[in-house]
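Below: one structure, written as structure tokens.
Chain identifiers are assigned alphabetically (A, B, ...) following the order of the sequence lines, protein sequences preceding nucleic acid strands; residue numbering begins at 1 within each chain.
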There are 2 protein chains.
Amino acid sequence: MRVACPGCEIRNRALCAGLSDAELAPLSALKRRRRFAKGEPVIWAGDENMIFANVVSGVLKLNATTADGREQIVGLMYPADFIGRPYASSTRYNVVALTDAELCVFSRKHFEQALRTYDKLKRLLLQRTLDELDHSREWMLLLGRKTAEEKVASFLVQMARQIGRGGCARSPLDEFVLPLSRAQIADVLGLTIETVSRQMTRLRSAGVIDLPTTRSIRVLNEIALSARAEQG
Amino acid sequence: MRVACPGCEIRNRALCAGLSDAELAPLSALKRRRRFAKGEPVIWAGDENMIFANVVSGVLKLNATTADGREQIVGLMYPADFIGRPYASSTRYNVVALTDAELCVFSRKHFEQALRTYDKLKRLLLQRTLDELDHSREWMLLLGRKTAEEKVASFLVQMARQIGRGGCARSPLDEFVLPLSRAQIADVLGLTIETVSRQMTRLRSAGVIDLPTTRSIRVLNEIALSARAEQG
DNA sequence: CGTATAGTTGAGTGTCGTCAATCCTTGTGG
DNA sequence: CCACAAGGATTGACGACACTCAACTATACG
């Protein structure tokens, strides 16, 4: 028996994991692999020509902006995550590739058709959406009530977990490479570049982390880091 | 033909609106009307004994807290909104009645059963959850990037819309009663009581709003209010 | 090797938080 | 009906944390 989407890196973790090979086969024919370069926009807020896709590789940001251009990253999408907004004609935020990325793309028509056909798909998307909602509410607590140090510590804890999840290891990593620049971290945390930088060096001075390069983090004291995150 | 849930105030706006009378009938037998007094907790974070319910009347808050007790309101629930967290054993936040409230309650078992049985119900819950996610992301922009004045103005714009939606009128109201105290508004906006109060009086001094009583708002200049909200 | 971009560090400012006093509202009992 | 108490809201003085502006350093890239 042939396996649908042979060689797909995320077959067992993405939404498709809820479908059998037989169920996936017709959908598989409608998908389109598409590459996006670092910095390239995937969806513009308000654009009706929306993309529905699974992230195969890379990291993307969802970001909202005020009228005068201030920016807030409201979500980060990793491999196996789903991008798109069913039941609405457009999204309220932009989606931009933070690294080179590969997506498994469907048209609105095909995806919504599949959503109607496969009950399981709907359930899985609902589960994912509920998880995202929980996550975004946790982030609201961070944005509204945490100090700069707590924000940065929370971000690093979260990052260690997320990067760990993607690889073979299932536990938080003690060393990893940030897929975000300082400016992007600032946009996630509702801070400025300078404040992020200062808090990073403070954590290093305190012996909680080390910064082998500006983009890589080594967690020296996970307990201390979690403590400074005030639950994260 | 008898109508399921006769006299229910939210029959046509809540999740149940997606079900026909025939479909609703068996569910209707399993529901339980329950009243909560102002300030009474409905769900505790981490409690497995979770409630699944439609809000019939009143306003409730979802709030998250840090380990040391700082509080952030991450959601407000109005009549016809749905409360509960399917596919998880507990919620990460508390649900508390802000006013006297009436809920139409189901047990986890019955609700998840219904979710499995009725495809339409799943679709409607997915739609709602996606809407909530959009809303919470919009709020992340507010929490992370807006000034105190913009936060308060955004809150008032939003409130005028929300209260208007509930009544017969479908447009934003120019005068309404706040269901929240200053302290609760502060917890929604990630500010302190004092800052909320100062911004309110600033808006009044500027002739944008009037405050007939501390709990009621009269919008004198909706355009100016929206402008100060930076899109809300 | 030189330029451009990203990141760090420093000095000074401003917005919002803290602490405290006062005012207003609401409810209760004399 | 009024006095009083209690909680909520407002206002003020002050301070701190994070932002702004700026200079400098490190890293990436041609």
Ionic contact status for B/K151 with B/E230, cut-off 4.0 Å = no
Whole-Å distance separating the CG atom of B/L189 from the P atom of C/dT15 | 18 Å
Taking CZ from A/R215 and P from C/dA6, how many angstroms apart are they, rounded to a whole number?
-> 9 Å
Contact residues, residues 203-213 of chain A to DNA chain D [heavy atom, < 4.0 Å] | none
Is the cationic atom of A/R108 (NZ for Lys, CZ for Arg) positioned less than 6.0 Å from the six-membered ring centroid of A/F52 and within 45 degrees of its normal?
-> no
Round to a whole Å and report the spacing from CZ of B/R70 to C1' of D/dC17.
-> 13 Å
Salt bridge A/R33-A/E102, side-chain N to carboxylate O under 4.0 Å = yes
C/dT9 P sits how many Å from A/M200 CE, rounded?
-> 12 Å
Taken to the nearest whole Å, NZ/A/K151 to P/D/dC17 is 14 Å
Report, as yes or no, whether the 6.0 Å neighbourhood of atom CD on A/E194 holds more than 12 heavy atoms from other residues, nucleotides or ligands.
-> yes
Send over the distance from A/D187 CG to D/dC19 C1', rounded to a whole Å.
-> 14 Å
side-chain hydrogen bond (donor to acceptor under 3.5 Å, both in side chains) contacts touching residues 38-47 of chain B (sequence neighbours left out) | none
Side-chain donor/acceptor of A/R182 to backbone N/O of A/T214, under 3.5 Å = yes
Go through A/T66 and B/K146 one step at a time and tell me if the side-chain hydrogen bond (donor to acceptor under 3.5 Å, both in side chains) criterion holds.
-> CA-CA 8 Å; A/T66 60; B/K146 290 193 182 177; over 6 Å; no
Rounded to whole angstrom units, what separation is found between the CZ atom of A/R182 and the P atom of D/dT25?
-> 19 Å
Rounded to the nearest angstrom, tell me the gap between atom CG in A/L98 and atom P in C/dA6.
-> 13 Å
So A/F106 and A/F111, would you call those rings parallel, tilted or perpendicular, with 30° and 60° as cut-offs?
-> tilted
Charged N-O contact under 4.0 Å between B/K61 and B/D187 = no
Reading 5' to 3' through nucleotides 16-21 of chain C, protein heavy-atom contacts under 4.0 Å coded B for base, S for sugar-phosphate only, - for none | SSBBB-
